[in-house]
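Since the structure comes first, as structure tokens, the remarks are kept for the end.
Values in this document were obtained by computation on a predicted structure and should not be read as measured data.
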Amino acid sequence: MELHIRSVQSEDAPSIAQLSDQLGYHSNYEAIKTRIDLMLKDSNHQVFVAILNQQIVGWIHGFYVLKVESDPFMEIGGLIVDNQFRKMGIGKKLVQQIVIWSADHHISKLRVRCNTIRLESHKFYETIGFKLNKEQKVFDRIPD
């Protein structure tokens, strides 16, 4: 069983949708395909998939963040590894791909945000070198 990591393709949308469901992010594959197609045209975004035995078993999305008040950084927008394939180093290898992509863009700072209830994710990120910076609340405004 050899793990292969490559850039996302539009055809990966159904597998990405299925994996996303495992963490409670329900989205249809057509909507995901549309977003992937937009990201493929935008050099500020990168998505990688992990393939094992010709099956997508994980994905990661990284994006460039430019803010007025701080130096640019990259952020992990999402990372999911199939429940059946966790604790095999796949998540770590996907994060390493984003680290390489960030370095290629001369950005050294990489950030990730985790839901406060995802304690296993917190432990994972701390084990691979991330340090807790702050906790915050997220507010969304949805127009009527």
| said: Measuring from atom CG of D12 to atom CZ of R6, what distance do you get when rounded to the nearest 0.5 angstrom? | reply: 4.0 Å

| Heavy-atom closest contact (W101 atom, H105 atom, distance) | O-ND1, 2.9 Å

| query | What distance do I60 atom CD1 and Q97 atom CD have between them, rounded to the nearest 0.5 Å? | reply | 9.0 Å

| query | So Q22 and Q84, side-chain contact (heavy atoms from CB on, under 4.5 Å) or not? Walk me through it. | reply | CA-CA 11 Å; Q22 289 185 11; Q84 299 174 35; 6.0 Å; no

| query | Roughly how far apart are F130 CZ and S121 OG, rounded to 0.5 Å? | reply | 11.5 Å

| query | Taking the side chain from N28 and the backbone from A31, do they hold a donor-acceptor pair closer than 3.5 Å? | reply | yes

| remark: Sequence neighbours excluded, the answer for side-chain contact (heavy atoms from CB on, under 4.5 Å) partners of V99 is V95, L110

| said: Show, in sequence, the C-alpha distance, side-chain angles and deciding distance for V81 and F124, and conclude whether the side-chain contact (heavy atoms from CB on, under 4.5 Å) test is met. | reply: CA-CA 12 Å; V81 174; F124 165 75; over 6 Å; no

| query | In terms of hydrophobic clusters joined by side-chain contacts under 4.5 Å, are M39 and V49 together? | reply | yes

| Pair Q96-I5, side-chain contact (heavy atoms from CB on, under 4.5 Å): steps then yes or no | CA-CA 11 Å; Q96 288 170 338; I5 297 178; over 6 Å; no

| Any side-chain heavy-atom pair of M88 and V57 under 4.5 Å | no

| said: Testing the basics here: between L94 and G58, what is the closest heavy-atom pair and its distance to 0.1 Å? | reply: CD1-C, 3.9 Å

| query | Do D82 and Q55 pass the side-chain contact (heavy atoms from CB on, under 4.5 Å) test, and can you show the C-alpha distance, the side-chain angles, and the key distance before you say yes or no? | reply | CA-CA 10 Å; D82 188 301; Q55 173 189 355; 4.3 Å; yes

| Whether over 12 other heavy atoms sit under 6.0 Å from Q54 CD | no

| field | Exam field: side chain H122 to backbone N115, donor-acceptor pair closer than 3.5 Å | value | yes

| request: State, with a plain yes or no, whether a side-chain heavy atom of K109 is found less than 4.5 Å away from one of D71. | output: no

| query | So which heavy atom on S20 is nearest to which on I80, and how close? | reply | CA-CD1, 3.5 Å

| Spacing of NE2 belonging to H61 relative to CZ belonging to R35, to within rounding of 0.5 Å | 10.5 Å

| task | Please determine which of V65, I107, N44 meets the side chain to side chain contact (heavy atoms under 4.5 Å, CB included) test together with M74. | result | I107

| said: For a quick test of reading the model, state the closest non-hydrogen atom pair linking P72 to L66 and the distance between them. | reply: CG-CD1, 4.0 Å

| Got more than 12 heavy atoms from elsewhere within 6.0 Å of CD, E30? | yes

| said: Is any side-chain heavy atom of E75 closer than 4.5 Å to one of F73? | reply: yes

| request: Specify the closest pair of heavy atoms between S27 and I32, including all atoms of both residues, with the distance to one decimal. | output: OG-CG1, 3.7 Å

| task | Please round to the nearest 0.5 Å and tell me the distance separating atom CD of E126 and atom CG of L132. | result | 6.5 Å

| query | Which heavy-atom pair separates L40 from S10 by the least distance, and what is that distance? | reply | CD1-OG, 4.0 Å

| request: Establish whether V112 and Y64 are linked, either directly or via other cluster members, by ILVMFWY side-chain heavy-atom contacts under 4.5 Å. | output: yes

| query | Would K33 and D37 pass as an ion pair if we require N to O under 4.0 Å? | reply | yes

| task | Starting at NE2 of H45, measure out to CD1 of I36 and round the result to the nearest 0.5 Å. | result | 12.5 Å

| task | Report yes or no: do I100 and F63 belong to one cluster of Ile/Leu/Val/Met/Phe/Trp/Tyr joined by side chain heavy-atom distances under 4.5 Å? | result | no

